[in-house]
Amino acid sequence: MVDLALEERAALGQLRGRGADWPEAECRALKRLLGVEHEREQALLETMASIVDNSLIDKLLNVLKGNAATDADQTLRFALEAARHAVGESRIAALRPIFSTAENKPRARLCSKATADAAPELWEAFKAGQNEYCAADLKLEHLRAAESSVALLVLANEIHAEYERRKKAEATLDYDDLIAKTVSLFVDFGAAPWVLYKMDRGIDHILVDEAQDTNPQQWAIVRALAEEFFAGEGRSDQLRTLFAVGDEKQSIYSFQGADPARCDEAGRDFHNRAVPARLAFQRV
């Protein structure tokens, strides 16, 4: 997960740009998204530990001792006995396999039909406890996911910051820096029109190899370089061409932000620009 977070340098940069309190703001946003903005972990744990009281467990055990009809009922009996003598988080852990499957989904049936029919009101109360327990457990999962996600972002941000400090100290650029600075030069920088104008006279053909592994920033460079190809004017009188080749099924550079869908998207974009300019476009 740290590796995945480290790949999102641009996204982390946007978070840092929101101010020094961006981790807290991001955590609040994630909690809102997951519906747990006003939840507190300790309160949820206390709720889960106290949902089923010992009185109800004792009554259920009495029913099971006299009516346990299946192996599942016997397993439930032993699990309830363990929960009966547990407190706090141990109680929560003891109740979890009773109420939830191994995939952490609510169990559809808590006991056999014969056992449920022996004391329906008790099992209805137990079922209500299951619903409350599972709802609180899901909130706890979402709450911890939000807080863990932000902790991961903070860690990745610190690693990025140290990496940037070391590059600056050694006056070094990496591959991603070259891409980002080129995009800035061609797209964002104030002198971009002049730079592209000067380059236009020397570019007759653009070849994009392994197009399925071209990431959005790289496509931005290609689009900027090809801008004059579709304008019908420029410093070159020659017919300019653009050729992109790739196989979306062979994309392996997702760690550099490559998205195979962008290849098809770029093709549609160039087609839509070529047709009005009365330029030939072929999709092989």
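For the single chain, residues carry numbers from 1 onward in sequence order.
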Steps toward side chain to side chain contact (heavy atoms under 4.5 Å, CB included) verdict (Asp58, Arg84): CA-CA 8 Å; Asp58 288 339; Arg84 172 67 174 78; 2.8 Å; yes
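- Gln130 and Glu132 share no donor-acceptor pair across their side chains, judged by distance under 3.5 Å alone.
- Here the CD1 atom belonging to Ile92 is positioned 8.5 Å from the CD1 atom belonging to Ile51, to the nearest 0.5 angstrom.
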CA sep, side-chain torsions, deciding dist, call: Leu279, Phe230, side chain to side chain contact (heavy atoms under 4.5 Å, CB included): CA-CA 8 Å; Leu279 298 173; Phe230 303 96; 3.9 Å; yes
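- Judged by distance alone, with hydrogens and angles left aside, the side-chain atoms of Trp123 form no donor-acceptor pair with the main-chain N or O of Leu110 at under 3.5 Å.
- Within 6.0 Å of CD on Glu37 lie more than 12 heavy atoms contributed by other residues, nucleotides or ligands.
- Hydrophobic clustering, with ILVMFWY side chains joined whenever heavy atoms are under 4.5 angstrom apart, keeps Leu138 apart from Ile98.
- Within 6.0 Å of CZ in Arg165 there are more than 12 heavy atoms belonging to other residues, nucleotides or ligands.
- In terms of heavy-atom proximity, Gln212 sits nearest to Glu210 at NE2-OE1, 2.8 Å.
- For the atom pair CZ (Arg91) and NE2 (His85), the distance works out to 10.0 Å, reported to the nearest 0.5 Å.
- By the rule that hydrophobic residues join a cluster once side-chain heavy atoms approach within less than 4.5 Å of another member, Ile206 and Ile179 end up as members of one cluster.
- Under the 4.5 Å side-chain heavy-atom criterion for grouping Ile, Leu, Val, Met, Phe, Trp and Tyr, Leu122 is connected to Leu80 within one hydrophobic cluster.
- Residues Met48 and Asp137 approach most closely at CE-OD1, 3.4 Å, considering heavy atoms.
- Counting heavy-atom neighbours within 6.0 Å of Glu265 CD, excluding the residue itself, gives a total above 12.
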Test side chain to side chain contact (heavy atoms under 4.5 Å, CB included) applied to Arg96 and Asn104, step by step: CA-CA 8 Å; Arg96 179 165 282 110; Asn104 208 30; 4.1 Å; yes
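- Note on Ile159: it does not cluster hydrophobically with Leu15, by side-chain heavy-atom contacts below 4.5 Å among ILVMFWY residues.
- For the atom pair CG of Asp204 and CG of Leu242, the computed distance is 12.5 Å after rounding to the nearest 0.5 Å.
- Looking at every heavy atom in both residues, Arg77 comes nearest to Leu61 through O-CD2, 3.5 Å.
- Heavy-atom contacts from other residues, nucleotides or ligands closer than 6.0 Å to NZ of Lys181 number 12 or fewer.
- Arg144 places no side-chain N or O within 3.5 Å of a backbone atom of Glu41 that could act as its donor or acceptor partner.
- The CD atom of Glu81 sits 10.5 Å away from the CD1 atom of Ile57 when rounded to the nearest 0.5 Å.
- Neither Leu140 nor Val87 shares a network with the other; the hydrophobic side chains, linked directly or stepwise wherever heavy atoms of I, L, V, M, F, W or Y lie under 4.5 Å apart, form separate groups for each.
- Using a 4.0 Å cut-off between a side-chain N of Lys or Arg and a carboxylate O of Asp or Glu, Arg240 and Glu228 do not qualify as a salt bridge.
- Of all heavy-atom pairs between His205 and Phe243, the closest is CE1-CB, 3.7 Å.
- Distance check: Leu44 CG to Gln42 CD gives 9.5 Å after rounding to the nearest 0.5 Å.
- Here CG of Asn215 is found 12.5 Å from SG of Cys263. Values are rounded to the nearest 0.5 Å.
- Of the candidates Leu76, Asp71, Thr70, Ser112 forms a side-chain contact (heavy atoms from CB on, under 4.5 Å) with just one, namely Thr70.
- Counting heavy atoms from C-beta on, the side chains of Val275 and Phe281 never come closer than 4.5 Å.
- Heavy-atom neighbours of Glu162 CD from other residues, nucleotides or ligands within 6.0 Å: above the threshold of 12.
- A salt bridge between Asp264 and Arg268 is present, with a side-chain N of the basic residue lying under 4.0 Å from a carboxylate O of the acidic one.
- Salt bridge Arg28/Glu24: absent, no basic N to carboxylate O contact under 4.0 Å.
- Here Tyr133 and Phe126 keep their ring centres 6.0 angstrom or further from each other.
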Step-by-step salt bridge (charged side-chain N to carboxylate O under 4.0 Å, His left out) determination, Lys127 to Glu124: CA-CA 5 Å; Lys127 181 68 175 178; Glu124 282 298 320; over 6 Å; no
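- Here the closest non-hydrogen pair linking Ala118 and Pro120 is C-CD, 3.8 Å.
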Side chain to side chain contact (heavy atoms under 4.5 Å, CB included) evaluation trace for Tyr163 with Asp174: CA-CA 11 Å; Tyr163 181 52; Asp174 64 14; 2.7 Å; yes
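- When atom types are taken as modelled, the side chain of Glu26 and the backbone of Pro23 share no donor-acceptor pair closer than 3.5 angstrom.
- A 4.5 Å side-chain heavy-atom check between Arg273 and Asp269 finds at least one atom pair inside the cut-off.
- Environment of NZ in Lys59: sparse, with no more than 12 heavy atoms of neighbouring residues, nucleotides or ligands closer than 6.0 Å.
- The minimum heavy-atom distance between Ala94 and Ala83, with the atom names listed, is CB-CA, 3.7 Å.
- Between Gln217 and Thr182, every side-chain heavy-atom pair lies at or beyond the 4.5 Å cut-off.
- Residues meeting the side-chain contact (heavy atoms from CB on, under 4.5 Å) test with Cys27, sequence neighbours left out: Lys31, Glu147, Val150.
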